[in-house]
2 protein chains.
Amino acid sequence: MSTSEFELIRSFFASATVQRPDVLLGIGDDCAVLQVPAGRSLAVSMDTLVEDRHFSSEVDPAALGHKALAVNLSDLAAVGADPAWATLSLTLPQPDVAWLGSFMQGFAALADRYGVQLVGGDLTRGPLSITLQLHGLVTPELVLRRSGGQAGDHLLVSGSLGDAALALCATQERPAANPGCAALRERLDRPTPRIALGRLLRGRASAAIDVSDGLLADLNHLCTASGVGARIELAELPLSAEVAARGKQGDWSCPLSGGDDYELLFSVPPARLDALLSDCRDAGEPVQVIGSLAAEPGIELRYPDGRLVKEVPRGFDHFQG
Amino acid sequence: MSTSEFELIRSFFASATVQRPDVLLGIGDDCAVLQVPAGRSLAVSMDTLVEDRHFSSEVDPAALGHKALAVNLSDLAAVGADPAWATLSLTLPQPDVAWLGSFMQGFAALADRYGVQLVGGDLTRGPLSITLQLHGLVTPELVLRRSGGQAGDHLLVSGSLGDAALALCATQERPAANPGCAALRERLDRPTPRIALGRLLRGRASAAIDVSDGLLADLNHLCTASGVGARIELAELPLSAEVAARGKQGDWSCPLSGGDDYELLFSVPPARLDALLSDCRDAGEPVQVIGSLAAEPGIELRYPDGRLVKEVPRGFDHFQG
């Protein structure tokens, strides 16, 4: 690829997304220079997706562009931030204009929906890997944190759990086992970031985290940071028909330990629950009470048959097996 | 690696660098939350280093930790920003605590020198790759840009040019050709970011860029952005003895087209030159006038023997060869 083609791609990146007035210098200088409004703080999230680790080589590049941004939007949602600017480092085995075009189409469609401008990054050659940093704006007094949950708070989760894990499982292990899993696959490839819900939770949830490594692992992070335990009612988990059917057969692994849900898990003091549920209904944000926080440490699961099981949390670990 | 070991590394990262009072949430939540002071803007730079592309597997991890931060510090210097916060995405083939410790030692030593706190990032498994984003603070009216250079402005460069390229060349192609190249090697492995010089240039240089892809390529960027041309006096280039010796033999490739210098290239209006040179001397910042900007486009090189050659810029391109 010649330098002029390289410049073409750079200018393609520069105009790929919405143009925000708070970008003083964008793509094409040594740094991007960005204006954070008075009274607001900067929230940043960085995630890397590596081929054969986080996605297979067959994945649609447009879905990958969507997902690279969505996983970071989910982190911003979890602190209640408004998305603003993205930087993107793409490492590609070879220059592939068709691949880049498709990737950026998926990326820009989601970026435009949330008013995110791509302002900088890097383009290098090597094994396929995508690192995205997303910058958001948040009012410091209203930042949602993992800490702050109290015994007695209700525990809620958005959307549904385990769909992405089941889709991955169906793809990797038993391609024929779930013939009608297109909807699940969509949940794996194009997760819905809960930005609007994060905004609703500002100043109202006592603690929040996004569920990316599995419900139990992320609940454990929230409980550890808050110094509490929790009980989950498995019968209350919001599940798709496919994931629920597995639960009926005794297999709860997808909703409890599967990764890639990108839903919000949060705690709400009892006095604030009804108003919040009502606002979520009005806003069309699907949330469900799935349990509560408790004074004693550890996570207790109540199975639909009434059994109580103390769970040792095990989430997705990038350095395991 | 177990989850608890993973957490250990995370807490190791969290305490690796200086702790800044403007970090509201650091490592360990979904986002870092950072306080940009009133009247200042955010400058961000992101660079990726890929094994076998930007460094060999034999490189000292501590040098790599230094370099990952230094190349981004150089970008911040080029816009005149004060370094503040870093986010780091590390992709490693396998967990290697000794490697991580050494990498972070090199990183933290440089971070502490510039008051940079590591506030977040990602740790994943895959082919060795390092993406670092650095965040700095800059007064918007004083941001240095590539544009703004005027015909007649003096052209200056800091430090010396071509050392890193010669070191790379000596290592890769002719290991025995330069037995005494430890000092050059140090320039390749541990470049000196010109943060203090960037501060001196704020509001005084008409245009600035950091020389990372080779003098001609980066000068071409500055000229294109400023809508001017330039003339360089090769006899005035600041060169180490080793690089100068090659020039005497007619080989100017290292200082003109070699990458990895991480010096600042900048233009200064004639009326401001003497005061700036004097301040640079007082501050111990080595700078050298190497030519001037011109109205007609293109880059003209005057060789020490008086020959004038119009140069077609060719810099380092990550998608070439």
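Here the structure is a predicted model, which is why all the values come from computation and not from measurement. In what follows, chains are A, B, ... by sequence order, proteins preceding strands, each numbered from 1.
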### Engaged part of A:Thr131 at the chain B interface, taking heavy atoms whose separation is under 4.5 Å
both

### Task
Tell me, for A:Val44 versus chain B, whether the close heavy atoms (under 4.5 Å) come from the side chain, the backbone, both or neither.
both

## Note on the structure
When rounded to the nearest 0.5 Å, the distance separating NE2 of B:His135 from CG of A:Leu42 is 6.5 Å

## Note on the structure
Under 4.5 Å to a heavy atom of chain B? For A:Leu88 that would be backbone

### Query
Given that the side chain runs from C-beta out, which part of B:Ala38 has a heavy atom under 4.5 Å from chain A: side chain, backbone, both or neither?
neither

### Residues forming a salt bridge (Lys or Arg N to Asp or Glu O under 4.0 Å) with A:Asp75, sequence neighbours excluded
none

### Contact class of A:Ala32 relative to chain B, heavy atoms under 4.5 angstrom
both

### Query
After noting the C-alpha distance and the side-chain angles of B:Cys31 and A:Leu76, does the key distance pass the side-chain contact (heavy atoms from CB on, under 4.5 Å) rule?
CA-CA 7 Å; B:Cys31 289; A:Leu76 257 60; 3.5 Å; yes

### Task
Over all heavy atoms of both residues, which pair between A:Asp122 and B:Met46 is shortest? Give the atoms and the distance, please.
CB-O, 3.8 Å

### Query
Which atom names give the shortest non-hydrogen contact between A:Thr87 and B:Gln133, and what distance separates them?
OG1-OE1, 2.6 Å

#### Entry: Interchain contact, B:Thr48 with chain A, by part (heavy-atom threshold 4.5 Å)
both

### Task
Could you check A:Val143 against B:Leu24 for side-chain contact (heavy atoms from CB on, under 4.5 Å), going step by step and ending with a plain yes or no?
CA-CA 9 Å; A:Val143 172; B:Leu24 306 183; 5.8 Å; no

### Query
Picking from B:Ile209, B:Asp218, B:Asn72, B:Leu264, what satisfies side-chain contact (heavy atoms from CB on, under 4.5 Å) with A:Asp30?
B:Ile209

### Query
What pair of heavy atoms forms the shortest contact from A:Pro140 to B:Gln35, and how long is it?
CG-OE1, 4.1 Å

### Task
Would you name the heavy atoms of B:Thr124 and A:His54 that are closest together and state the gap between them?
CG2-CE1, 3.6 Å

### Task
Ignoring hydrogens and angles, tell me if any N or O in the side chain of A:Arg145 forms a donor-acceptor pair with the backbone of B:Leu25 under 3.5 Å.
no

### Query
Taking A:Leu34, A:Val33, A:Asp22 one by one, which has the highest count of heavy-atom pairs under 4.5 Å against chain B?
A:Leu34

### Task
Identify which part of A:Ala208 has an atom lying under 4.5 Å from any heavy atom of chain B, answering side chain, backbone, both or neither.
backbone

### Task
First locate atom OG of A:Ser89, then atom CD1 of B:Ile130, and finally report the distance between them rounded to the nearest 0.5 Å.
11.5 Å

